[in-house]
Each structure stands twice: as structure tokens, then as C-alpha cells.
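Count residues from 1 along the sequence.
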Amino acid sequence: MAGCRGSRCCCCRWCCCCGERETRTPEELTILGETQEEEDEILPRKDYESLDYDRCINDPYLEVLETMDNKKGRRYEAVKWIVVFAIGVCTGLVGLLVDFFVRLFTQLKFGVVQTSVEECSKKGCLALSLLELLGFNLTFVFLGSLLVLIEPVAAGSGIPEIKCYLNGVKVPGIVRLRTLLCKVFGVLFSVAGGLFVGKEGPMIHSGAVVGAGLPQFQSISLRKIQFNFPYFRSDRDKRDFVSAGAAAGVAAAFGAPIGGTLFSLEEGSSFWNQGLTWKVLFCSMSATFTLNFFRSGIQFGSWGAFQLPGLLNFGEFKCSDSDKKCHLWTAMDLGFFVIMGVIGGLLGATFNCLNKRLAKYRMRNVHPKPKLVRVLESLLVSLVTTVVVFVASMVLGECRQMSSSSQIGNDSFQLQVTSEDVNSSIKTFFCPNETYNDMATLFFNPQESAILQLFHQDGTFSPITLALFFILYFLLACWTYGVSVPSGLFVPSLLCGAAFGRLVANVLKSYIGLGHIYSGTFALIGAAAFLGGVVRMTISLTVILIESTNEITYGLPIMITLMVAKWTGDFFNKGIYDIHVGLRGVPLLEWETEVEMDKLRASDIMEPNLTYVYPHTRIQSLVSILRTTVHHAFPVVTENRGNEKEFMKGNQLISNNIKFKKSSILTRAGEQRKRSQSMKSYPSSELRNMCDEHVTSEEPAEKGDLLQEMLERRYTPYPNLYPDQSPSEDWTMEERFRPLTFHGLILRSQLVTLLVRGVCYSESQSSASQPRLSYAEMAEDYPRYPDIHDLDLTLLNPRMIVDVTPYMNPSPFTVSPNTHVSQVFNLFRTMGLRHLPVVNAVGEIVGIITRHNLTYEFLQARLRQHYQTI
């Protein structure tokens with residue numbers, strides 16, 4: 001799923017990652033979940049479940065609707081707004097916690113080590129300073145790795161997993177409270193440990209977890225945390241809150257509420273509406289201003305001043321008043337920005353290719369081994385990174401002259417970061433007065449301070465220093481992303497790209513003589529180009545960067561640069577998040593199918609071998625079906641027989657099923673009869689006669705040889721047969737795949753709930769005697785319903801009958817067998833479906849379509865079979 005399509009190169013040929021995709025037979029392509037030997041292409045796995053965003057309109061739900069009125073509807077909507085506000089506030093507080101401790105640990109570490117370096121530079125004991133730095137970094141990284149061992153899904157940025165969740169895929173453990181705790185504390189340790197990772201990506205994951213868990217008012221990790229809160233007990237509601245939480249995470253990270261809203265729309269959610277847009281934006285605003293309020297009060301003591309909108313602040317870009325020739329950018333610069341976008345796309349494709357190779361190596365050689373190996377790998381990365389940072393800062397830097405504005409104050413940096421903040425992060429290791437060590441200034445600082453140096457430092461950076469910094473940072477960041485620690489990619493990509501942009505500005509100024517160039521603008525465009533080439537985001541990233549800079553005039557160059565970088569990178573491979581989604585084998589659905597896929601119909605991709613239940617089914621049949629299959633929904637059907645009256649004579653179970661089928665089939669005559677009964681006075685004698693018609697009573701059951709034959713026949717539960725028959729190898733295809741009248745869908749969770757609560761009736765009773773469950777009782781165990789294999793069903797009589805008709809969804813979305821694949825795909829994705837029955841013109845179900853039938857690999861396999869048959 002991740003990687004190339006056809007014979008296109010996987011990524012840039014400079015890094016030797018190209019290779020034509022080996023031709024596979026259609027049979028091999030349909031075996032999803034396998035790994036190809038030569039190319040190691042990972043295909044979508046079938047063990048991933050889909051989330052059910054479609055409403056189940058069954059009798060318990062209709063009972064709730066009957067009790068709803070406008071007043072209750074407004075109350076429900078008000079509760080939603082309150083919960084959305086709480087999600088934003090809690091996400092902002094999570095960001096405050098991470099920022100506070102990262103700042104505390106980082107200041108402690110650099111304060112101790114910098115004092116040691118200054119002392120040891122005179123005494124010649126720099127090795128001791130290196131050991132101190134190693135002690136801090138290795139300890140922090142070790143703690144972060146241990147937290148990932150507790151909850152492995154907390155590793156990485158979490159954006160690929162949240163993207164999968166919003167796309168409709170259930171990733172186990174992704175939105176649990178334990179994941180949130182391991183993510184939050186793990187990322188502050190990994191960032192404080194000096195790894196080239198950011199805390200912004202994990203903030204998005206953390207916000208999504210808050211959005212998923214807070215509206216439930218209960219926790220699986222801490223079972224004592226549970227309140228009787230009857231709202232939002234469905235995947236549909238949780239999806240909306242996760243969208244709001246993810247957007248709040250972006251808003252808290254960058255101080256960009258509008259960008260967060262667009263991120264949630266662009267990267268994840270398959271279903272969107274105006275009401276959800278307002279709620280997500282409100283949640284993002286709540287997160288931004290909560291974080292801003294507390295950070296401004298804690299750092300500056302100005303409570304209520306709102307001076308620090310996000311965890312990462314770019315500051316205000318403004319030319320110095322003394323430089324009359326300076327402009328932020330000109331029309332002529334757009335040509336350079338386009339070229340930088342192309343280079344950024346190439347660099348991003350190279351980064352993604354190398355990281356993909358590293359990820360595959362980890363999957364083969366690190367992950368199968370004991371978990372301690374993952375901790376050792378994280379410590380190895382920390383060790384190498386620390387040594388490189390220390391040696392480069394001490395040895396490879398050049399002493400550069402401080403600019404006059406740096407000495408007396410810099411007017412170009414006024415809004416969010418003062419000149420003292422920039423100047424205080426300047427490092428003067430081994431440099432005389434009035435000069436600074438440019439390499440140490442970039443390496444021996446927190447990453448946010450290094451970005452501010454590249455954006456706003458008027459002093460020059462040596463081209464050699466920038467080139468070395470870019471190469472070292474590029475390689476180490478690529479190696480780091482994927483180790484077993486919580487890690488973000490936004491800040492490392494921005495810093496790496498800012499160095500690239502600053503290098504371009506130095507070259508244009510020094511060697512071409514373009515004196516009007518503003519170096520900060522080129523650093524920003526370089527950061528956008530590289531970040532866009534890595535993650536391939538366009539709309540949301542443009543708005544995030546504009547909001548972070550607080551400069552709307554940068555809108556056009558940032559947008560052009562990101563578009564060019566995305567187009568260039570897409571020519572070679574996918575974005576980094578899509579690559580890691582593919583490496584996990586997640587069946588992610590793209591926004592739309594390719595044009596040639598419309599040669600296929602629903603009948604070409606559906607699964608015709610169905611496992612189904614009847615409206616009235618014995619408990620032993622249900623248990624057998626649930627324990628021998630892994631399906632999460634079952635069609636409720638009745639078989640079409642020519643001798644139904646004969647079958648109804650001797651078996652109450654079969655009689656109930658046939659009666660249900662007859663009563664549920666809508667005919668034109670029956671509909672006209674129902675309408676005419678409400679017409680008390682109508683001039684037409686024909687209609688009056690029609691009103692007087694009545695359905696003839698059923699013939700009394702006759703006992704004969706047929707009944708005796710049924711009773712003597714051995715019973716074997718088999719999902720594709722009536723309970724009175726056993727499978728026979730002599731049956732024809734028509735006998736095995738009999739016509740089935742489709743009545744609705746029932747979920748596995750619903751069947752398990754019915755069994756747990758003993759909802760059934762005996763054969764001697766009427767189905768009306770079966771206990772009825774309310775909507776709240778059906779959803780009580782959400783989101784973790786009992787497993788059928790863990791239940792003790794010995795108290796249930798296996799011959800008892802369950803009437804599933806009140807709890808099934810009688811009106812799910814369906815498609816015709818002749819529906820084109822693009823229509824099927826759009827319906828499935830936009831409505832957030834989990835199962836899509838294929839029903840023919842006479843109401844018979846002929847197959848079912850799930851997410852796995854719509855993945856690119858599966859459709860490609862079917863298309864090849866289609867070409868072979870024509």
C-alpha cells in the first residue's frame with residue numbers, strides 16, 4: 001500500500017531506492033496481508049476492524065426518537081458544545097504540562113553542561129562535559145523508551161494512527177487513557193533527551209485521545225473512573241470528538257486554530273458538515289487561548305495578556321527600519337521559491353525513502369526481538385546524536401561577528417519573542433568577544449531556539465556551517481523517526497528546512513549579489529518546502545504557517561512552495577504519514593478511486609460467500625456462528641422456497657421465519673390496501689371493496705411424513721443452511737447459494753449483548769414473550785463489548801430461539817450489483833460505512849462489500865482479472 005504503483009520509482013534514484021515493482025498474478029494480489037519477498041511490499045491486513053459510523057435505526061433507537069422533542073434536542077446540542085469546550089481546555093492544559101517540563105528539564109540540562117563547558121575549556125576537561133550531557137540525554141531517553149514498552153502504540157507521532165481512526169479504521173489502543181499518559185510523559189522525556197524530535201505531532205495524538213475519552217466519562221485503564229453519562233455512546237459521536245481533539249492539538253502546538261480545523265478536515269475525517277466545522281473551530285480556539293492564558297501568566301506574570309499563542313512561535317517577520325532596501329519578499333523572489341519547492345520536494349522524497357527503508361529494517365530485525373532491543377536502539381540513537389551535537393558544536397563551528405542589532409536590540413522581532421530571547425541563545429564557545437560560535441548556536445540549543453535563530457538572527461551563518469548542520473540534522477532526524485519513543489516530525493523538518501533556506505539566502509546574497517533579500521523569509525520558505533516535501537500537506541500547512549508567522553503577506557509564497565514541493569515529492573513516493581500507514585498494513589481509503597477502476601462493478605468486488613442469520617434463530621446456531629467466524633455484521637435473511645407452505649406445517653421456527661418474511665415484504669397491493677383503509681368515505685366502490693378485503697388465515701398445520709422426516713434428521717448448525725438441514729457434498733452451486741431475501745443487518749456486538757442478557761423465547765411460546773432491551777442497555781458496554789469466547793453460556797438453553805428483528809438495522813445503505821466502483825467507493829467513504837450489502841433488483845442479497853474490498857491493492861487485483869476475462 002505504501003510505496004510505488006506500477007513501475008514508477010519508489011523514490012529518488014540518488015539514494016538507490018528505485019526498483020520496478022515485480023509483476024504479480026491476480027491470485028497473489030488478492031492474498032492481502034502478505035509481504036512480497038523482493039520488494040517487501042506490505043499489503044493491507046485483514047485483521048484491522050472498521051469503525052461503524054452509520055446509525056443503526058432499530059427498534060430501541062426508534063423508541064429513543066419517539067421520546068425526543070425540540071427541548072431535548074437543544075439540551076443534547078448544548079451538552080455537545082460543553083463537551084467540545086472541555087476537550088479544548090484539557091488539550092491546552094496537556095500542552096502546558098508538556099511545555100513546562102520540557103522547558104524545565106532542558107534549562108537544567110543546558111545550564112549544567114554549558115557551565116561545565118566554559119570551565120573545562122580552560123582546564124582541558126571537555127570529556128567530562130560530554131559525559132554530563134550523555135548522562136542527561138541517556139537518562140531521559142531511557143525513561144521515554146520504558147513508557148513506550150508499557151504502551152507500544154504511544155511510539156512515534158501518532159498522526160498516522162489518528163488519520164487511520166478518522167478514516168474509519170479501528171487501531172487497537174490508540175485512544176486509551178494509558179496511551180495518553182505514556183505519550184505525554186514519553187514525549188517530554190524524548191524532547192528533553194536531545195533527540196531530534198518534536199512535541200507538536202504527539203500533541204495532535206494527545207488531543208485526539210482527550211477527545212475520544214472525555215465524552216465517555218469512563219476509562220478502561222482505570223475502571224473506577226465511571227459515571228452514568230448516557231450520551232455519545234457510538235462510534236459516530238466519538239469520531240466527531242476525535243476530530244475536534246486532533247484539531248485542538250494542532251491549535252495548541254502552533255497557536256493556529258484555523259489551521260487545526262483544516263488539518264482535521266484535510267488529513268482525516270471522511271465525513272464533514274457545517275455543524276461539525278463550528279464545533280471543531282470552537283474547540284481549537286479553546287485550546288489555543290487556554291494554553292496562551294497559562295503560558296503568558298507563568299512565564300511573564302501577565303495573566304490575561306495572551307502573549308504566547310502556541311508551543312512553537314515563529315515571531316514577527318519585519319525588516320529593520322534602518323534598512324530601506326529590505327523587503328520581506330518581492331515578485332522576483334517567487335521564482336526562487338518555486339525552485340526551493342522543487343528541491344524541498346526532492347529532499348522530502350529522499351527523507352521518506354530512507355526512513356521507509358529504516359522502518360522495514362526495524363520490522364525485520366528489531367521488532368521481532370525482545371522489547372529490550374528497542375530500548376537499546378533508542379539509547380544508541382541518543383548516544384550518537386549527543387556525540388555528534390557535542391563534537392560539532394566544539395569543533396566544526398566558526399566564530400561569526402555579532403550584528404549591531406544583536407548588541408543593541410533587534411526591532412525586527414517584537415510581537416512574541418523579544419530580542420533578548422534570540423540573543424540569550426547565542427553560544428560563544430571558544431570564540432572571542434563580539435563573536436559567536438554559529439554551529440554551537442544551532443546545535444547546543446533547544447530546537448525552537450535554533451529555528452528562531454535562523455528566522456530572526458541578523459548575524460550571518462557560515463555557508464559551510466549551514467551545509468554541515470543540514471546534512472547532519474537530516475540524517476539523524478531520519479534515523480530517529482521510528483525509534484521506540486514518542487516523537488514528532490514537524491519541528492525537525494522545520495529546522496532542517498530553515499537551515500536549507502538560510503543557506504540559499506546566503507548564497508544569493510554573497511555570490512549573486514541580491515542585497516534586497518530578507519534571510520528570514522528564505523528560511524521560512526525553506527522550512528515550508530522541506531516540511532511540505534516530507535508530509536505532503538497543503539491547505540492546512542499553509543494556514544498553520546501563516547498563523548504561526550502572523551504575516552498574511554506570506555500566504556502566496558508559502559502556498560506556491562507547498563504545492564510545488566508536494567507535486568515534486570508525489571512523483572517519487574507518498575508522504576511520510578501515508579508510508580507508515582502502509583507499513584502497518586492498514587486498509588486506508590483514499591479520497592477517491594482512479595479513473596480506470598470504473599470498469600469494475602459492485603458485483604466484481606463483493607464477497608458472495610455470506611455468513612448470515614435468520615430473523616428467528618436458535619441460540620446454538622448463533623453461538624456457533626459467532627465462535628467460528630470473525631465477521632462483525634451478519635445479514636438477516638430468509639430463503640426463497642417454492643414449497644414454503646409444506647415447510648410451515650411442522651416446524652414452528654421455520655414457520656416464524658416465513659411469516660416474518662411475508663409480513664415484511666412490501667407489495668404495491670399491500671401498500672394500496674393500507675392507504676385505502678384510512679379512507680372512510682370514498683366514491684369509488686372498487687376502493688371500498690378493497691378496504692373490506694382481509695388476509696386469509698393460515699392453514700392449520702398438518703402432521704404427516706414430512707414432519708417425522710424433519711424430526712429424525714440430525715441437526716448440525718451451519719450458517720448457510722436452514723437449521724433442519726445438514727450440508728451435503730452432492731449439492732450443486734445453486735443449492736449452496738440459494739436466493740436470500742434481505743431484511744437487514746445485525747452487528748456481532750448486538751448478538752453478543754442479546755446472548756449475555758438472555759433475550760430469547762422457547763419454541764412453545766410466542767416471540768412477543770421475548771424480553772425487550774432499551775437503547776441504553778444495548779450500548780451499555782460500549783466501546784468494549786464482551787468477547788463471545790469469554791462468555792459462560794451454560795445457563796442458556798441452546799434450543800431457545802432469539803428474535804433478532806427488533807435489534808437489526810432494517811434500512812442500511814445498499815447498492816445494486818451493477819453500481820460502478822466509484823459510486824460504491826464514494827458512498828462507503830463519505831458515509832463512514834462498515835458494511836455495504838449488495839442487493840439485486842428483487843430484494844435478494846448477493847454479496848457484501850467491506851473496507852478490504854475497496855483498498856487500492858484489492859481493486860487492482862480485480863482489475864487485472866477483468867482484463868484477463870475480456
Side-chain angles (χ1 to χ4, degrees), residues 1-5 10 29-30 32-36 40-54 153 156-175 201 204-205 208 235 238-239 242-243 246 263-272 352 355-356 359-360 363 482 489 534-538 540 566 569-570 573-594 597 605 632 821-822 824-836 849-862:
M1 186 173 181
C4 323
R5 294 182 179 179
C10 290
L29 271 170
T30 56
L32 302 182
E34 297 293 330
T35 303
Q36 194 179 2
D40 288 334
E41 181 185 4
I42 299 173
L43 299 175
R45 290 161 41 187
K46 283 195 171 183
D47 56 346
Y48 277 107
E49 304 173 16
S50 293
L51 294 164
D52 199 3
Y53 294 154
D54 188 22
V153 78
S157 67
I159 294 179
E161 291 81 2
I162 296 302
K163 183 176 181 179
C164 295
Y165 187 94
L166 295 177
N167 191 261
V169 181
K170 184 178 181 181
V171 182
I174 193 63
V175 290
I204 300 172
H205 185 189
D235 287 342
K238 182 182 283 190
R239 183 263 322 265
V242 170
S243 300
F263 172 86
S264 188
L265 172 62
E266 179 183 6
E267 283 299 302
S269 297
S270 57
F271 177 79
W272 205 263
N352 294 353
N355 189 263
K356 181 180 178 182
K360 287 184 176 181
M363 294 171 64
L489 195 59
V534 172
V535 301
R536 312 289 165 78
M537 292 159 50
T538 52
S540 58
K566 175 179 169 55
D570 285 343
N573 52 27
K574 293 184 177 183
I576 190 69
Y577 300 136
D578 290 327
I579 286 177
H580 280 265
V581 167
L583 292 175
R584 289 171 173 82
V586 179
L588 193 75
L589 299 184
E590 302 293 340
W591 282 102
E592 57 187 9
T593 60
E594 295 183 352
M597 295 302 176
I605 65 173
H632 290 271
V821 162
S822 62
V824 175
F825 188 91
N826 291 335
L827 175 64
F828 194 97
R829 193 186 191 284
T830 55
M831 299 310 299
L833 304 182
R834 190 175 185 179
H835 309 90
L836 185 59
I849 295 173
T850 64
R851 170 176 297 270
H852 301 281
N853 301 106
L854 293 172
T855 60
Y856 172 81
E857 289 74 14
F858 188 91
L859 294 178
Q860 192 70 24
R862 294 304 184 195

Say you draw a straight line from [atom1] of [X] to [atom2] of [Y]; how long is it, rounded to the nearest 0.5 Å?
X	Y	atom1	atom2	result
Met597	Gln860	CE	CD	4.5 Å
Glu161	Ile204	CD	CD1	12.0 Å
Glu594	Tyr856	CD	OH	4.5 Å
Leu583	Met363	CG	CE	5.5 Å

List the steps, then state whether side-chain contact (heavy atoms from CB on, under 4.5 Å) holds for Arg536 with Asn573.
CA-CA 10 Å; Arg536 312 289 165 78; Asn573 52 27; 2.9 Å; yes
Quick check: do [X] and [Y] have side-chain heavy atoms less than 4.5 Å from each other?
X	Y	value
Leu51	Arg239	no
Ile605	Phe825	no
Pro587	Thr855	yes
Pro172	Val153	no

Minimum heavy-atom distance Cys164-Val171, with the two atoms named:
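Heavy atoms only, the tightest pair is CB-CG2, 4.0 Å.
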Restricting to side-chain contact (heavy atoms from CB on, under 4.5 Å), what partner residues turn up for [X], sequence neighbours left out?
X	value
Lys238	Tyr165, Ala212, Gln216, Val242, Tyr782, Pro783
Asn355	Cys478, Tyr481, Ile576, His580
Thr850	His835, His852, Asn853

Side chain to side chain donor-acceptor pair (under 3.5 Å) with Lys566: which residues, sequence neighbours excluded?
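Asp570.
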Please name all residues satisfying side chain to side chain donor-acceptor pair (under 3.5 Å) with Thr538, sequence neighbours left out, ordered by chain then number.
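Side chain to side chain donor-acceptor pair (under 3.5 Å) check on Thr538 returns Glu266.
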Please determine which of Leu827, Ile849, Val824, Leu854 meets the side-chain contact (heavy atoms from CB on, under 4.5 Å) test together with Leu833.
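One option only clears the test, and that one is Leu827.
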[X] side chain to [Y] main-chain N or O, any donor-acceptor pair under 3.5 Å?
X	Y	answer
Arg829	Glu590	yes
Ser264	Ser243	yes
Asn167	Lys163	no

Could you walk me through whether Tyr577 and Ile162 pass the side-chain contact (heavy atoms from CB on, under 4.5 Å) check?
CA-CA 10 Å; Tyr577 300 136; Ile162 296 302; over 6 Å; no
